[in-house]
Amino acid sequence: KDKIRIKLHMAGEGRRDILILAGERINEATYYWKAGNPSGFAMQMRKYLSNRPVEKIEQHDFDRIVKIFFPEHVIIAELFPRGKIVFCDRDMEILGATEFEEYKDRSIKRGSKYKFPEAGASISEIDYDKFVDILSEFKDSPIVSIMAKEFNMGGFHSEEICLRASVDKNKEIGSLSDDELIDLHREMKDLLDSEKSPGIVFKNDEKEDVVPIDYLKYKDLEKDEYDSFNHALDIFYGKEAMKEAQKKKKKSYNKEKNK
């Protein structure tokens, strides 16, 4: 219920699919498999969006939220943990969602106005003084958790910055030296400006992760490179999903055949 596939027709190119998994990812999918019975939410969107053009797709600020605009509607894909896929009109009134839920500062329910989650600071705009100022409010907390939350980057990238800066990720902020703070801020900025190097990393000949850039965490692992992060995502997730679907289909066929 937390997955939808948007089928598009591109002039001169044919079929293009956008796959959205709530709380996880959005990517163009080229590996197709037969979907199960559509949910009521999927049927609702199909009713309003069939043969409607996609006007634009954009990220919301620096957050892990993607907005897909149609002439009269918007699909909001929340890609952070426990995120939802939300269907709104252009006034941002909620028409449907993968799951309805009440939060202390916002509500995901039919008829409510969609409110974006309160975002942390955007690392693209934070200078060193602002960086230190924000961290100073959490002197007794480990650096990794506060960077993940306050700078809206998640645990994985917060850990990577600590690793690149040679700072213990569990060190309390109040005990960090000036040099360590300088190194953390520099590595945070450098990570944002990293050269794109999409690929799939392997550990013991098994797929470990799909990445948009080179990470120090994976420096000793083998990596297959791809022309785009989207392509790497498609291979990493889509190819295996198609194989699994084909395997289930064959198993079901053999079961019927042997009755």
Side-chain angles (χ1 to χ4, degrees), residues 1-10 15-33 35-36 38-50 52-103 105-120 122 124 148-149 151-157 198 209-212 228-238 241:
K1 69 176 183 177
D2 293 336
K3 175 170 65 177
I4 64 169
R5 185 170 63 195
I6 303 172
K7 298 180 182 179
L8 305 175
H9 180 81
M10 305 290 288
R15 175 175 170 176
R16 303 277 287 274
D17 284 11
I18 297 175
L19 183 66
I20 306 173
L21 273 73
E24 186 175 337
R25 72 180 193 275
I26 177 172
N27 65 282
E28 184 182 340
T30 59
Y31 288 94
Y32 307 117
W33 62 94
S39 65
F41 177 54
M43 293 295 289
Q44 179 192 33
M45 287 194 292
R46 181 182 296 177
K47 173 184 175 182
Y48 288 104
L49 301 180
S50 290
R52 300 293 193 276
V54 172
E55 294 184 335
K56 61 180 177 178
I57 300 175
E58 64 182 26
Q59 182 180 7
H60 177 69
D61 295 335
F62 194 71
D63 212 341
R64 288 167 289 176
I65 297 176
V66 175
K67 299 175 288 188
I68 305 176
F69 291 89
F70 296 81
E72 298 174 352
H73 298 89
V74 185
I75 295 175
I76 300 167
E78 301 178 339
L79 306 181
F80 47 80
R82 295 182 61 197
K84 313 289 189 285
I85 302 172
V86 187
F87 183 49
C88 301
D89 64 19
R90 290 297 286 260
D91 292 325
M92 302 304 285
E93 180 177 321
I94 297 173
L95 304 176
T98 48
E99 184 180 7
F100 293 121
E101 189 167 352
E102 291 275 355
Y103 302 91
D105 58 345
R106 67 191 191 112
S107 176
I108 304 294
K109 65 179 182 180
R110 188 175 290 108
S112 296
K113 288 280 187 178
Y114 179 81
K115 180 181 177 182
F116 291 99
E118 184 176 347
S122 173
S124 63
K149 179 182 178 182
F151 302 132
N152 206 31
M153 64 178 67
F156 180 89
H157 287 103
D209 202 356
V210 55
V211 298
S228 70
F229 186 44
N230 186 81
H231 188 190
L233 282 167
D234 195 24
I235 295 294
F236 188 83
Y237 292 107

Checklist entry - Could you state the interatomic distance from NE2 (H73) to CG (D91), rounded to the nearest 0.5 Å? => result 10.5 Å

Checklist entry - Got a donor-acceptor contact below 3.5 angstrom from the R15 side chain to the H9 backbone? => result no

Checklist outcome for this item: Note: D89 and V74 closest approach over all heavy atoms is O-CG2, 4.2 Å

Checklist outcome for this item: Result for salt bridge (Lys or Arg N to Asp or Glu O under 4.0 Å) between E78 and one of R64, R106, K84 points to R106

Item to check | D17 side-chain N/O to A29 backbone N/O, donor-acceptor pair under 3.5 Å | outcome: no

Checklist entry - Do the non-hydrogen side-chain atoms of K115 and Y103 ever get within less than 4.5 Å of each other? => result no

Next on the checklist: If we ignore hydrogens and angles and just use 3.5 Å, is the side chain of D234 paired with the main-chain N or O of G238 as donor and acceptor?
Outcome noted: no

Item to check | Heavy-atom neighbours of Y48 OH exceed 12 at 6.0 Å | outcome: no

Checklist entry - When you look at K3 and L19, which way does the side chain to side chain contact (heavy atoms under 4.5 Å, CB included) test go after all the steps? => result CA-CA 7 Å; K3 175 170 65 177; L19 183 66; 3.7 Å; yes

Checklist entry - According to the interplanar angle, ranging from 0 to 90°, do the rings of F41 and F87 count as parallel (below 30°), tilted (30 to 60°) or perpendicular (above 60°)? => result perpendicular

Checklist entry - What do the steps show when you test I20 against I68 for side chain to side chain contact (heavy atoms under 4.5 Å, CB included), and what is the final call? => result CA-CA 11 Å; I20 306 173; I68 305 176; 3.8 Å; yes

Next on the checklist: For the residue pair K56 and F69, would you count it as a cation-pi contact if the rule is NZ or CZ under 6.0 angstrom from the ring centre and within 45 degrees of the ring axis?
Outcome noted: yes

Next on the checklist: Within a 6.0 Å radius of atom CD on E118, are there more than 12 heavy atoms belonging to other residues, nucleotides or ligands?
Outcome noted: no

Next on the checklist: Distance check, rounded to the nearest 0.5 Å: M92 atom CE versus I76 atom CD1?
Outcome noted: 3.5 Å

Next on the checklist: Looking at every non-hydrogen atom in both residues, tell me the closest pair between D63 and P117 and how far apart they are.
Outcome noted: OD2-O, 4.3 Å

Item to check | Minimal non-hydrogen separation, P212 against F229, with atom names | outcome: N-CE1, 3.6 Å

Next on the checklist: Quick check: closest heavy atoms across C88 and L95, and the distance to 0.1 Å?
Outcome noted: C-CD1, 4.1 Å

Checklist outcome for this item: So CD1 of I75 and CD1 of I6: to nearest 0.5 Å the spacing works out to 4.0 Å

Checklist entry - S112 side chain to I108 main-chain N or O, any donor-acceptor pair under 3.5 Å? => result no

Checklist outcome for this item: Nearest heavy-atom approach of P53 to P71 is O-CD, 3.2 Å

Checklist entry - Given F236 and R25, is the side chain to side chain contact (heavy atoms under 4.5 Å, CB included) satisfied, shown in steps? => result CA-CA 12 Å; F236 188 83; R25 72 180 193 275; over 6 Å; no

Item to check | Non-hydrogen side-chain atoms of N152 and D61 separated by less than 4.5 Å | outcome: no

Checklist entry - Does a side-chain heavy-atom distance below 4.5 Å link R110 with F100? => result yes

Checklist outcome for this item: Between the CZ atom in R16 and the OG1 atom in T30, the distance rounded to the nearest 0.5 Å is 10.0 Å

Checklist entry - Between K67 and E58, is the closest basic N to carboxylate O distance under 4.0 Å? => result yes

Item to check | Point-to-point distance, once rounded to the nearest 0.5 Å, from CE of M45 to CD1 of I4 | outcome: 3.5 Å

Next on the checklist: I'd like to know if the side chain of R52 reaches the main chain of S50, judged simply by a donor and an acceptor atom lying under 3.5 Å from each other, with no hydrogens or angles considered.
Outcome noted: yes

Checklist entry - If you measure from OG on S107 to NZ on K113, what distance do you get to the nearest 0.5 Å? => result 13.5 Å

Item to check | Min side-chain heavy-atom separation F156-D209 under 4.5 Å | outcome: yes

